[in-house]
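To start, the structure under review is shown below, and the notes come after it.
Below, read A as the first sequence line, B as the second, and so on, with proteins coming before strands; counting in each chain starts at 1.
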Amino acid sequence: MESGMISVDRWAAGSQAYFLTHLHADHTAGLSGAWRRGPLFCSRLTAKLIPCKFPGFDVSLLRIVKIGSWHSLSLTSPSSRSSVEFVFKAIDAQHCPGSVMYLFRCESGCTLHTGDFRWESNSLGTENGMAVLLDALKDQTLDTLYLDNTYCNPQYSFPSREVASKQIVDIITSHPNDEVVIAIDSLGKEDLLLYISQALNMKIWVWPERLQIMHLLGFHENFTAQTSVTRIRAIPRYSFKTDTLNKLNEFRGPTIGIMPSGMPWAVAGKDGNTVGASASHVNEKECSENTGSFSEMHGVGGNSGNTTKFYEVHYSAHSCYSEIQEFIELLRPVNIKGIVSSRSCCINPHYYFGHLCGPEQALWRVQQKLDCEEHLRRAEVAEIEPIVDGVSHVSRRKRKNDHMNFFGIRISRVSLLGRLSCGARITSTESCSK
DNA sequence: GCGATCAGCT
DNA sequence: CACAGCTGATCGC
């Protein structure tokens, strides 16, 4: 795609249309209430949150992109001065409230910008998102994939957010009489807090600005800003430290701290006040089974000499390596570019996934999808025919599976394609092998 | 004084 | 190494 037309999460002058994937600060550097550079495209929920995040923002510049629908956009090529027609679509990125990916199509090709995303294996949201994506690509190659490569390295393996949420509920219920403090940011982890609130039938305290966000998101029933009605508090991550917790421990009674973190191995044991599980220990637990892991740390108490317990639970809003791998295996882009720049070269998507990119791979995906749809059409016809030849359902299913194996993709993935075609159902029994 | 940018911390 | 993001220092207008 030619430069000087569309910017995604970049706010320098010189673009004709600006797209925002989500409202985290590392994607909005350069945005402010004084924004005047041009129309800003974002999801409906993000648009709702913008005046809160950027007071004074001129909302007449907002262009709401309805998720799942095609939108059209006519821009001017800076080089040829001719008109370029775009269509684009937003897809739920499941990273934080309002977060989306953008798929752009124009005459010169297709581009997908994932923004930050977490598409968990075997989740309905991921299946739906992938079905929308593949359907939108149709028989076109994906020319450029701008990828959330935060955890684009096999060492990054962690459980789903649901598993992590269950772990946190278990930690809280195992301390029935303690005050609980959970570290969160200004946006994100609402699904975790809702899960806790519903599982324990208890409101969660948040600070007043955060309660306003919860109101905008429609979650206000599960949250409160009154300190007296609950023992569970969500506090800003930057004020989550031994000092704060020890003070709570001293003045409000026994307190445990829970840090849901994307990289717990990085936080533990930095100073003398915390003693954490080592990174190798955390990783060892993760690698042995994908049921999740958490580490327990004990902070040294304040004047009272009490001990504050810290729990770091592996909770991530970014896809882990195996989820990124599944994503790329299905999309097969011609080019791939990481959106996370890092001094560390170990997350360069080309290093691990270069073999899944290139023109041949992109064409292979298109051909595979067409073959698969054709097969599913035939399979459905076969399914509604009466069985007259003595062939059992089991052997039919086996035949189908053989065909899928021929394609080299797993059954759970083919079920995504199944949704795309004529509603043919494929039984999905296999979990992802690692 | 205000906004942008960066170091530092968690 | 570094998730997301606040605070505070510095620079330029």
Side-chain angles (χ1 to χ4, degrees), chain A residues 9-13 21-37 49 52-57 93-99 114-118 148-159 161 164 181-190 192 207 209-210 213 234-246 257-274 276 278-280 282-283 286 293-295 297 299 308 310-321 323-324 338-348 351:
Chain A
D9 293 348
R10 297 268 182 266
W11 312 103
T21 61
H22 68 290
L23 268 176
H24 280 158
D26 55 333
H27 291 253
T28 59
L31 260 187
S32 72
W35 176 258
R36 298 288 181 274
R37 288 207 169 115
L49 296 169
C52 190
K53 174 107 178 170
F54 302 117
F57 196 98
Q94 298 172 62
H95 171 73
C96 71
S99 67
T114 66
D116 288 351
F117 79 106
R118 175 127 200 222
D148 173 11
N149 56 318
T150 305
Y151 294 119
C152 201
N153 184 302
Q155 79 180 81
Y156 296 131
S157 163
F158 38 76
R161 285 171 288 194
V181 175
I182 304 167
I184 61 167
D185 293 306
S186 55
L187 187 66
K189 301 194 171 77
E190 288 76 11
L192 166 66
W207 63 102
E209 294 82 0
R210 197 62 161 88
I213 303 283
I235 68 169
R237 192 156 47 88
Y238 58 85
S239 59
F240 185 94
K241 42 196 170 198
T242 49
D243 193 38
T244 310
L245 296 180
N246 284 333
I258 298 172
M259 170 71 90
S261 167
M263 26 184 51
W265 62 84
V267 198
K270 273 252 167 171
D271 57 54
N273 284 337
T274 56
S278 70
S280 61
V282 172
N283 284 333
E286 280 159 20
S293 66
F294 59 85
S295 58
M297 305 191 295
T308 306
F310 292 81
Y311 294 88
E312 294 201 309
V313 180
H314 213 150
Y315 185 99
S316 173
H318 297 269
S319 295
C320 67
Y321 177 80
E323 290 158 359
I324 295 172
I339 63 172
V340 179
S341 60
S342 170
R343 284 177 292 275
S344 156
C345 59
C346 65
I347 56 169
N348 182 349
Y351 188 84

How close or far is atom [atom2] of [N] from atom [atom1] of [X], stated in whole angstroms?
X: E312(A); N: dT10(B); atom1: CD; atom2: C1'; answer: 11 Å
X: N149(A); N: dC1(C); atom1: CG; atom2: C1'; answer: 14 Å
X: W35(A); N: dA4(B); atom1: CH2; atom2: P; answer: 11 Å
X: R37(A); N: dG3(B); atom1: CZ; atom2: P; answer: 14 Å

Suppose we screen for ring-ring contact (aromatic ring centres under 6.0 Å, His included). Which residues come up paired with Y321(A), at least two apart in sequence or across chains?
Y352(A), F353(A)

With sequence neighbours left out, what residues match H27(A) under ring-ring contact (aromatic ring centres under 6.0 Å, His included)?
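So H27(A) forms a ring-ring contact (aromatic ring centres under 6.0 Å, His included) with H22(A).
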
For T150(A), enumerate each residue passing the side-chain hydrogen bond (donor to acceptor under 3.5 Å, both in side chains) test, keeping only those at least two apart in sequence or located in another chain.
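Once residues adjacent in sequence are excluded, the partners of T150(A) under the side-chain hydrogen bond (donor to acceptor under 3.5 Å, both in side chains) criterion are D148(A), H318(A).
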
Sequence neighbours left out, what passes side-chain hydrogen bond (donor to acceptor under 3.5 Å, both in side chains) with N149(A)? Give chain and number order.
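Once residues adjacent in sequence are excluded, N149(A) has no partner under the side-chain hydrogen bond (donor to acceptor under 3.5 Å, both in side chains) criterion.
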
Show each protein N/O and nucleotides 4-13 of chain C N/O combination with a separation under 3.5 Å, one pair to a line.
unit_1, atom_1, unit_2, atom_2, d
dA4(C), OP1, H318(A), NE2, 2.1
dA4(C), OP2, D26(A), OD2, 3.4
dA4(C), OP2, H318(A), NE2, 3.4
dA4(C), O4', R237(A), NH2, 3.2
dA4(C), N9, R237(A), NH2, 3.4
dA4(C), N3, R237(A), NH1, 3.0
dA4(C), N3, R237(A), NH2, 2.1
dG5(C), OP2, A25(A), N, 2.7

For R237(A), check salt bridge (charged side-chain N to carboxylate O under 4.0 Å, His left out) against everything at least two apart and list the hits.
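R237(A) satisfies salt bridge (charged side-chain N to carboxylate O under 4.0 Å, His left out) with D185(A) only.
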
For a 4.5 angstrom cut-off between non-hydrogen side-chain atoms, does F54(A) reach W35(A)?
no

